[in-house]
Amino acid sequence: MKNVELSRIFNEMYYMLSTDEKARFEALAYQRAARSIESLQDDISEIYEKEGIKGLMGIPGIGKGLAEHIQEYLTTGKLNKYEELKKKFPIDFTEFSSMEGFGPKKAMILYEQLGITNIADLKKAAEEHKIRNIPGFGEKSEALILKNISMVAATGSRILLSTGLNEARNIVSYLLAQKVVSRCEIAGSTRRMRETVGDIDILVISDQPGKVMDLFTGYKGVKSTVVKGESKTTVLLDIGTTCDLRVIKPESFGSAMQYFTGSKDHNIKVRKIAIDHNYKLNEYGLYSGNENIMEGKGEDAIYRELGMDYIPPEMREDRGEIEMALSHKIPELLELSDIKGDLHLHTKESDGMNTTEEMITAGMKKHYDYIAITNHSKNLRIAHGMNDDQFMEYFKQIDSLSDKYHIKILKGAEVDILKDGSLDLDDNTLKSMDVVIASVHMDTNMNTDEMTDRVINAVKTNLVNILGHPTGRLINERQPFQLDLDEVAKYCKEYKTAMEINASPQRLDLNDENILKTSKHGVYYSINTDSHNIYGYDYMELGVGTARRGWLTKNNVINTMNLQDLIKFLKK
DNA sequence: GCCGTTTTCGGCCCGACTGTTTTCAGTCG
């Protein structure tokens, strides 16, 4: 996959071009292209092979010029313009970009004056006090450079949504408990339920901004303070991400929520629509001349005033939702409260931590109508997978528990899809179950054709109700399998196999992009937590958030059905 | 370099914070 390389190269070209004021818009074009390619799910070389230059130009932010650059890189392995720029600026901009407060202009000045090309050089020069004498720099910026270099080590990559969401909620509770804020809300990518969080955004209303900021920087999870002002303060948290707190005036709260929820691309487009309506939209309000016509109103009023449907935060990524809102076609998205059961759970019998009864009791606390116990099959020895006899024996135990609890317990398995696409248990065993999840766990290094055939063969057994974590990816840890999801989705639709939206924090698989892609085929989904203990049930909200990012309504999701309809669906 | 219901040129979001300045440039989101 050349996507990562290309987005890194374009990003570096953005920095190099940014050093020249005349080229700043060209630079921005490279940055947009880098972001676009980074978020692209499909392999860019495949797009080029299938559709050529035209296909590349279909990617947002890629025009003729950049498409030709991509073509050059894909066919020759090099990009001339990049090599030329690199000769002129032998600076490691990619490394510098991980450093706060140090952009292309400063990097350029220090390269010209001191020959600094990377963070190690920069650290040495700062320690030797060579930077304070450069015009435009001083003692403070020298100290800040050293501080920010030490923070590069402390700040990891983007953290998982579950981590960010928990910490954001902790901070909100902490601030509300201090009685100096009258309102406190999470914004940013956490509110949009992005699978990873780069920084946490929190907005408050308070008439004592100074006090709020003092309390905030004193929060127990704060490692250090990055910037501190009356309206905005940024801290670095122990969990390895930064958190911005903004104090907002009550009359601007709605527009601030809209503004700071983002995404950036979504906001830029909404703001252009505001301009078309002769308004000016910013974080303080929607202005007609000098009058804020949104004063005191919620963010939904902004969308309505611009002739749009309200757009739920999870959809705000500029992936077509603005056009949908303008034509009043925003779907009624699935809600957490629509979920009537969890269909992927493990117990002590395979690799779970809790007993069957403990898992049942925990499921009842969620007020579910049904749950499915789905332990691993024998192929997965490391997870104590069970063989046919063990499953049949175990199901007797479940039957004996069924009368004791007022919740339907569905008997199932998470059966391995073996290398050739066959399933790891006898057909008769599988036929006796209420729910069969089939997943790939081993032999994952196959090419696209092999893996696609393997998964399709499993679906074609007509014994599979749910395709478990379809791409196998682990966020920040493991790449997805090479798999043609369009082909797989077609067969899932034909054989009434739901695709799983696995809600475990490090999986979220299918992800939003893949849901958008596969839902075109009219396929069903099942949102499951894959819980290995009683606490795992809480991850359902992450799965629902991901489904909402994929624009799903409750009609697409089988575990919103009542028990009767679900059983009918599972019988095919 | 991209883009288009202002469409092949002329725009490209805009305000807060910081440090080095004495009125502003750089960076960030």
Side-chain angles (χ1 to χ4, degrees), chain A residues 10 13-36 56-70 81 96-110 131-145 147-148 187-189 197-201 203 209 213 225-234 241-248 252 255-256 258-287 307 318 323 326-327:
Chain A
F10 284 165
M13 290 174 83
Y14 151 66
Y15 285 114
M16 295 193 276
L17 291 166
S18 300
T19 58
D20 178 5
E21 188 60 23
K22 288 196 294 294
R24 59 188 256 253
F25 290 115
E26 186 183 348
L28 278 173
Y30 278 89
Q31 188 193 33
R32 270 200 306 275
R35 276 215 313 263
S36 196
L56 296 176
M57 287 173 70
I59 302 166
I62 309 284
K64 193 154 179 290
L66 281 168
E68 281 169 2
H69 283 342
I70 296 169
K81 178 160 175 158
F96 282 137
S97 70
S98 64
M99 200 180 135
E100 182 88 17
F102 196 79
K105 302 244 171 78
K106 287 185 187 171
M108 193 60 196
I109 292 170
L110 293 187
I131 288 172
R132 59 180 66 182
N133 301 321
I134 308 293
F137 294 81
E139 271 184 50
K140 278 194 175 176
S141 35
E142 194 174 77
L144 192 70
I145 282 168
K147 187 183 164 199
N148 287 336
S189 55
V197 174
D199 70 331
I200 295 171
D201 290 284
L203 309 185
M213 295 313 192
T225 302
V226 181
V227 293
K228 191 174 179 186
E230 283 274 298
S231 69
K232 179 198 165 181
T233 291
T234 302
T241 185
T242 54
C243 179
D244 289 349
L245 181 75
R246 290 181 168 83
V247 177
I248 311 291
S252 296
S255 36
Q258 197 283 326
Y259 183 90
F260 290 112
T261 295
S263 67
K264 192 185 175 93
D265 291 335
H266 174 92
N267 280 358
I268 287 173
K269 211 169 224 180
V270 172
R271 198 151 332 155
K272 279 180 185 158
I273 291 169
I275 292 167
D276 291 343
H277 284 71
N278 276 325
Y279 291 134
K280 189 180 81 163
L281 178 64
N282 59 26
E283 59 263 55
Y284 302 107
L286 183 65
Y287 292 89
D318 189 24
E323 293 73 11
L326 283 168
S327 52

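Numbers restart at 1 for each chain; the letters A, B, ... are given by sequence-line order, proteins then strands.
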* Asked: If only side-chain N and O atoms of A:Asn267 are considered, is one of them under 4.0 Å from the OP1 or OP2 phosphate oxygen of B:dC13?
  -> no
* Asked: Tell me: CD of A:Glu283 to C1' of B:dA16, nearest whole Å?
  -> 8 Å
* Hey, does the side chain of A:Ser231 come within less than 4.0 Å of B:dC17's phosphate (OP1/OP2), counting only N and O? ->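 Affirmative; the distance criterion is met.
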* Asked: Which is true for A:Phe260 with a 4.0 Å heavy-atom rule: it touches a base, it touches only sugar-phosphate, or it touches nothing?
  ->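 The answer is nothing, as A:Phe260 stays clear of every strand by at least 4.0 Å.
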* To do: Could you check whether A:Glu142 gets within reach of a base, just the sugar-phosphate, or nothing at all, counting any heavy atom under 4.0 Å?
  =>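 The residue A:Glu142 makes no contact with any strand.
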* Asked: If we take the C1' atom in both B:dC13 and B:dG29, what is their distance in whole Å?
  -> 11 Å
* A:Lys81 near the nucleic acid: base, sugar-phosphate alone, or nothing, with a heavy-atom cut-off under 4.0 Å? ->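 Sugar-phosphate: the residue A:Lys81, judged by heavy atoms under 4.0 Å, touches backbone atoms but no base.
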* In whole Å, what is the span from the CZ atom of A:Arg24 to the P atom of B:dG26? -> 11 Å
* Asked: Within less than 4.0 Å of OP1 or OP2 of B:dA16, is there a side-chain N or O belonging to A:Tyr259?
  ->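 No, outside the criterion.
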* Asked: Base, sugar-phosphate, or nothing: which does A:Met99 touch, judged by heavy atoms less than 4.0 Å apart?
  -> sugar-phosphate
* How is A:Leu28 classified with respect to the nucleic acid when contacts are heavy atoms under 4.0 Å: base, sugar-phosphate, or nothing? ->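 Touches nothing.
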* To do: Check whether any side-chain nitrogen or oxygen of A:Lys264 sits under 4.0 Å from OP1 or OP2 of B:dC14, and answer yes or no.
  => no
* Asked: Would the number of heavy atoms belonging to other residues, nucleotides or ligands and lying under 6.0 Å from CD of A:Glu139 be above 12?
  -> no
* **Side-chain N,O (A:Ser141) to OP1/OP2 (B:dT20) below 4.0 Å** => yes
* Roughly how far apart are A:Leu17 CG and A:Arg24 CZ, rounded to 0.5 Å? ->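 Reported to 0.5 Å precision, the distance equals 13.5 Å.
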* **Side-chain N,O (A:Lys140) to OP1/OP2 (B:dT21) below 4.0 Å** => no
* **Neighbour count above 12 (heavy atom, 6.0 Å) for A:Lys147 NZ** => yes
* With both distances under 3.5 Å as the test, what is the Watson-Crick or G-U wobble partner of B:dC14? ->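 B:dC14 is paired, partner B:dG29.
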* **A:Lys232 with A:Glu283: basic N within carboxylate O range, under 4.0 Å** =>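 No, A:Lys232 and A:Glu283 are not salt-bridged.
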* Asked: C1' atom, B:dG4 versus B:dT8: distance in rounded Å?
  ->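 B:dG4 and B:dT8 have their C1' atoms separated by 9 Å.
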* Asked: Using a cut-off of 4.0 Å on non-hydrogen atoms, how would the nucleic acid contact of A:Ile62 be classed: base, sugar-phosphate, or nothing?
  -> sugar-phosphate
* Between B:dC28 and B:dT23, how far is it from one P atom to the other, in whole Å? -> 26 Å
* Asked: Base, sugar-phosphate, or nothing for A:Glu139, non-hydrogen atoms under 4.0 angstrom?
  ->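 Counting heavy atoms under 4.0 Å across all strands, the contact made by A:Glu139 is with sugar-phosphate only.
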* Determine, for A:Arg246 against A:Asp201, whether the closest basic-nitrogen to carboxylate-oxygen distance falls under 4.0 angstrom. => yes
